[in-house]
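Before any comments, here is the structure.
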Amino acid sequence: MYTEKELRPFLEGEVPPIVSQMAKASGTDVLGYVTEGPGLSSYARSDGTVYRTYVTTARGLEPAMAYYGLLDRTPRGRQEDGEQTFWLRRHDEYGKT
């Protein structure tokens, strides 16, 4: 994953609204959200030195997240138009029926 030092340019710039929204929905701040979120890294060792050769987070993880493909096939999709994402809720945030 990324260190706080590596993320500093991102955090000091204009953070996309969806990142702030997802952090709040997850019960954390932006730094916690981007440093503690899932990621995929690939490493290679050459002459005793280990190099991180690839890293991805967020949209780069979609192939490993089957539910995105399922949502994409529903009539309303992910409903990602605009600034809010309505399909992301924890089980105790659904209304009573």
Side-chain angles (χ1 to χ4, degrees):
M1 300 315 308
Y2 296 105
T3 65
E4 185 175 346
K5 182 179 177 183
E6 290 171 319
L7 288 170
R8 191 167 292 126
F10 171 77
L11 295 169
E12 290 175 352
E14 186 174 334
V15 175
I18 190 66
V19 174
S20 299
Q21 176 191 346
M22 296 298 281
K24 183 177 178 183
S26 299
T28 188
D29 60 4
V30 171
L31 177 62
Y33 180 76
V34 296
T35 57
E36 298 295 327
L40 175 68
S41 296
S42 179
Y43 298 87
R45 184 173 58 192
S46 178
D47 296 325
T49 302
V50 177
Y51 299 94
R52 183 169 58 181
T53 60
Y54 178 78
V55 65
T56 189
T57 60
R59 295 283 188 181
L61 295 171
E62 286 188 14
M65 298 175 165
Y67 54 87
Y68 278 121
L70 295 171
L71 283 170
D72 290 342
R73 286 158 179 80
T74 62
R76 296 178 65 192
R78 299 183 199 184
Q79 298 180 17
E80 291 184 329
D81 296 333
E83 297 294 323
Q84 294 193 2
T85 302
F86 295 102
W87 57 266
L88 179 71
R89 290 180 287 186
R90 294 177 286 261
H91 68 88
D92 58 342
E93 294 175 337
Y94 287 88
K96 303 262 186 218
T97 58

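Sequence positions, counted from 1, serve as the residue numbers for this chain. For the numbers below, each heavy atom of this structure counts, side chains included, while hydrogens, waters and symmetry mates do not.
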Donor-acceptor pair, T53 side chain versus S42 backbone, under 3.5 Å?
yes
Just verifying a value: how many Å separate L71 CG and M65 CE, rounded to the nearest 0.5 Å?
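Rounded to the nearest 0.5 Å, the CG-CE separation comes out at 12.0 Å.
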What is the distance from atom CZ of R8 to atom CG of L31, rounded to the nearest 0.5 Å?
9.5 Å
Connected via hydrophobic side-chain network under 4.5 Å: I18 and L11:
yes
What about L40 and Y67, same hydrophobic cluster or not, with Ile/Leu/Val/Met/Phe/Trp/Tyr joined at side-chain heavy-atom distances under 4.5 Å?
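Same cluster: L40 reaches Y67 through Ile, Leu, Val, Met, Phe, Trp or Tyr contacts under 4.5 Å.
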If you take all heavy atoms of [X] and [Y], which pair is closest and at what distance?
{"X": "Y33", "Y": "T28", "answer": "N-CG2, 3.6 Å"}
{"X": "T57", "Y": "G39", "answer": "CG2-CA, 4.1 Å"}
{"X": "P38", "Y": "L61", "answer": "O-CD1, 3.4 Å"}

Do V15 and V34 come close enough that some side-chain heavy atom pair is under 4.5 Å?
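Side-chain contact under 4.5 Å: no.
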